[in-house]
Amino acid sequence: MTTRPGAYVHVPYCAHRCSYCSFVAVTGRETEREYFDAVVAEIGARAGEVPGPLETVYLGGGTPSFADPGSLARVLGALERTWGLVADAEVTAEANPDDLVPERLDALVRLGVNRLSVGVQSLRDAELAPLERRHDAASARDAVRLALNRGLRVSADLMIGIPGQTRESLLEGLSELLSSGVGHVSVYLLEIEKAPRLVALRDSAPSLFAADDEMAERWERVDDACRAAGLPRYETSNWARPGEESRHNLKYWRREPVVAFGVSAASFDGLVRRTNGGSIPAYVAAVRATGTAFVAEERLPSEAALREEVLLGLRTVVGVAAGRFTEAVDTLPPADRARLSDAAAAGLLETESGRVRLTRAGVLLSNEVFALLL
Amino acid sequence: MPDPSRIRNFSIVAHIDHGKTTLSDRILEITGALTAREMREQVLDDNPIEQERGITIKARAVSLKYRSEDGQDWVLNLIDTPGHVDFTYEVSRSLAACEGAVLVVDATQGVEAQTLANAYLAIHGDLTIVPCINKVDLPSAVPEMAREQIEEVIGIPAQHAALTSGKVGTGVRDLLEHIVHDVPAPTGNAAGPLRALLFDSWFDVYRGVTCLVRVKDGAIRPGMKIKMLGMDLVSEVQEVGVFTPKAQVVPELTVGMVGYVIAGIKDLHSTKIGDTMTEAERPASEPLPGFQDVKPMVFASIFPTESDDYEDLRDAMEKLRLNDASFTFEPESSTALGFGFRCGYLGLLHLEIVQERLEREFDLSLITTAPSVPYRVTTTRGEVLEVSNPVKLPETQLIDVIEEPRILATIITKDEYLGGILALAEERRGRQVSLEYAGTQRAVLKYDLPLNEVILDFYDKLKSVSRGYASFDYQLTGYAPADLVKLDVLINSEPVDALAFIVHRDKAQVKGRALVEKMKEMIPQQMFEVIIQAAIGAKILARSTVKALRKNVLAKCYGGDITRKRKLLEKQKEGKKRMKKVGRVELPQEAFLAVLKVD
């Protein structure tokens, strides 16, 4: 089976910037029209980069649900015209619960979106406040219900380590989402290092924040609860009912081609990773002038590429073929090889039926392993 | 060349911070060697580490021209001396090139321990002491007190001591007058044969070895074949000169002169400090009284954190030793740390300076182990061994006696701090030798102490119990038996040889407990639990545990992030580079010195 490429489009507009956000996002939509003109132009200009049709489309952000559906329609139309989509293409949009009123949902369905990744984060209002999300728990519940009712596949994002969160509040929220019928959850560990407002909060009220050990404990409980609900984990932070895994995101972990458009978007054609710049005006100007807006290009030497393949593969539960793993390890200096054996001896890695994977303890310490595979 | 009767060779000695360097600079300025504008701060301290730490490590010499008040012209050779107790040895070799020593006493502080030690060195070397009471410009200066103390504590007349301020320049001319009139002129046989005392040497890649000498008899000039008395290597003098402080070539160095000799010597170790330089064809029959070989009294091992850097480390040490004859090293192999070197130092400051230079000047990442003193072990078979590395201590059942080096410490303090100081000295297994008062409220305390209780942190502790007032100096006195044991440190049940140290049996329990707790703080969490134990033989004294790390994970990793995440991981990996892997455990550099950080 040949692997079909995926397409990613970055929609950098948000109503408000959340306190923990590290993505390229702007509030205010003055530049929206010329931005989407540029995205459409960029798509046209890069038609030859990968063969069609596209297997997946992912509208990420920012907040795609906040953008004008007409703009999204132009972008999806351009992708369709340029490459075409496979019959059962997965078309995902990231969405903020606040935006998912019935009319907007209908519009997204009409565009061909068949999967929503909803930024629920928490089902407690008190926990949403420090994240500076604009929605509340009630609107999150409504959004998920409405989307499921329209036959969309729904993934809900949750967060571990929100200030004020308890183990109970987290698991209650998770269990409510699981019983509502979502077929996919992504659960992330909150990282506050690059979020000054959260760092300030931690300095003034450290007791609101969970220690690392507690974060680890919560992650394991989440893993247990999802598995029990029939959504086994398939990647470090992702759980799905079998068949509902994100086909788009799996491409990243399998090092498969994805063409990506818009500010800060990173494309990969199987060999070379090219990244667009992060400034909207510079992006628009570059596309107008040349059709593309790459500011960085990286082609890993074959050994490093092999190690990256193993590193990314180890994020997935299926892991990597033992042969590939061995090949990658053989490229390492002896000291790092010894450290990898130590990691295996410490129970972070396991080999089973010809595949190497991280154990559950290993997932939580995966950086210890990955740092050796650079 | 100047007539010997017109030459005065002198050093300036002082307790640390009594203003020796500022005074030297002022002398340079007044004699016109440098104008104030030209003068960098503290020109004699030309090593960056010396300047940062405000201490002088290496001796240097400078020749100055001076016209005295009676209109006569003089050549003053100022031979600088180190200002730290670790380098007492280098003070004595500077003094060996002089007829006089200016003894500087801070008018606000009075006589301190190093004042006393340095004065004794000068008296022992038959030098004329020129007392000088410095910092008289300060409002808190009490010159009378300093004068009394010089007379009472040191026992030399100080009625006519020069009253100076190196900072503002007052009294410096008066001091120079004292030097030319009180210090005797050098004497020697101008007809030779050549005898010159080598009192310092250093190496640079362009010129090879530069020898700093004091000519006693004869003369040295370019073209002359010279050798060190008692050695075979003959070399031809290429250049001689003096430092003013810039190097200035002269036609010859004659009796009484202090200057440099460049003779194409490539190996610093063929020029041993204290040796006598003589003419190859007409060698002197008797060497000049040199000085005793310096013996390192503090030993510690150095290992590269990356074993690949071993050869680089060896090269760096060779280079360093070119300029530091008192630094010794020999290859060592550790089960835990691989290949490294066992190094000998004059003291802890010397150790720190060497480590800092190796890391800074040679860009090496190093592990230094806890310092040890040399012990003398008599085995049950009657052999006497010198053990300067705890790893080499024989099995307990093979040891008849262990003896440790002891010192006579001189501590000078205000009497109000005496209580704390006595408690500290007792806690360090000291035996009081004497307690005398000099003037009011000033106590001169002598203590017999084991060196190993002093090398690590005694001075810091002394400063803290005396609010910085007490001063300290010591001299080695010999060896005495003690009930010493080797304390092993086990990491995950494996003894780590490089962490072992020798301690008095009575202190082993407390020290062991404090150590494992300190190491627990220093060792970062790892993929697995790390158990730290302190033990004597099979007996575990203390234990602590670093819990296994539970979480080190990047939650999100999607398309645009992969490159960025890789960079994050690279940073993490970079952080670990400075750690040393022992068994499966990564130990940070400071963990090997944890014993220094416990009380």
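Reminder, nothing fancy here: chain letters follow the sequence lines and each chain counts from 1.
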Please classify the contact between [X] and chain A as side chain, backbone, both or neither, with a heavy-atom cut-off of under 4.5 Å.
{"X": "B:Gln572", "result": "side chain"}
{"X": "B:Lys547", "result": "side chain"}
{"X": "B:Glu586", "result": "side chain"}

Is the shortest side-chain heavy-atom distance between [X] and [Y] below 4.5 Å?
{"X": "A:Arg315", "Y": "B:Cys557", "result": "yes"}
{"X": "B:Arg550", "Y": "A:Glu220", "result": "yes"}
{"X": "A:Leu364", "Y": "B:Asn552", "result": "no"}
{"X": "A:Asp213", "Y": "B:Lys551", "result": "no"}

Side chain / backbone / both / neither for [X] at chain B, heavy atoms under 4.5 Å:
{"X": "A:Glu256", "answer": "neither"}
{"X": "A:Ile160", "answer": "neither"}
{"X": "A:Leu312", "answer": "side chain"}
{"X": "A:Leu365", "answer": "both"}
{"X": "A:Glu217", "answer": "both"}
{"X": "A:Asn276", "answer": "neither"}
{"X": "A:Leu374", "answer": "side chain"}
{"X": "A:Trp219", "answer": "neither"}
{"X": "A:Phe268", "answer": "neither"}
{"X": "A:Leu190", "answer": "neither"}
{"X": "A:Ala260", "answer": "neither"}

Do you know which of A:Ser341, A:Gly362, A:Ala343 has the most heavy-atom pairs with chain B at a distance under 4.5 angstrom?
A:Ala343

Determine the option with the most heavy-atom pairs under 4.5 angstrom with chain B, choosing from A:Leu300, A:Leu373, A:Val258.
A:Leu300

Using every non-hydrogen atom in the two residues, find where [X] and [Y] come nearest and quote the distance to one decimal.
{"X": "B:Val553", "Y": "A:Ser366", "answer": "CG2-OG, 3.4 Å"}
{"X": "B:Ala555", "Y": "A:Glu191", "answer": "N-OE2, 3.8 Å"}
{"X": "A:Ala266", "Y": "B:Gly559", "answer": "CB-O, 4.0 Å"}
{"X": "A:Thr236", "Y": "B:Leu554", "answer": "CG2-O, 4.4 Å"}

Could you measure the distance from the CG atom of B:Leu568 to the CZ atom of A:Phe370? Nearest 0.5 Å is fine.
13.5 Å

B:Thr563 OG1 to A:Arg273 CZ distance, which is reported to the nearest 0.5 Å
4.5 Å

Give a yes or no on whether [X] atom [atom1] has more than 12 heavy-atom contacts from other residues, nucleotides or ligands under 6.0 Å away.
{"X": "A:Glu193", "atom1": "CD", "result": "yes"}
{"X": "B:Lys392", "atom1": "NZ", "result": "no"}
{"X": "B:Asp460", "atom1": "CG", "result": "yes"}
{"X": "B:Phe339", "atom1": "CZ", "result": "no"}
{"X": "B:Lys581", "atom1": "NZ", "result": "yes"}

Just say parallel, tilted or perpendicular for the rings of B:Tyr558 and A:Tyr252, cut-offs at 30° and 60°.
perpendicular

Applying salt bridge (charged side-chain N to carboxylate O under 4.0 Å, His left out) to A:Glu368 and B:Lys573, what does each step give before you reach the verdict?
CA-CA 9 Å; A:Glu368 299 280 325; B:Lys573 192 175 186 181; over 6 Å; no

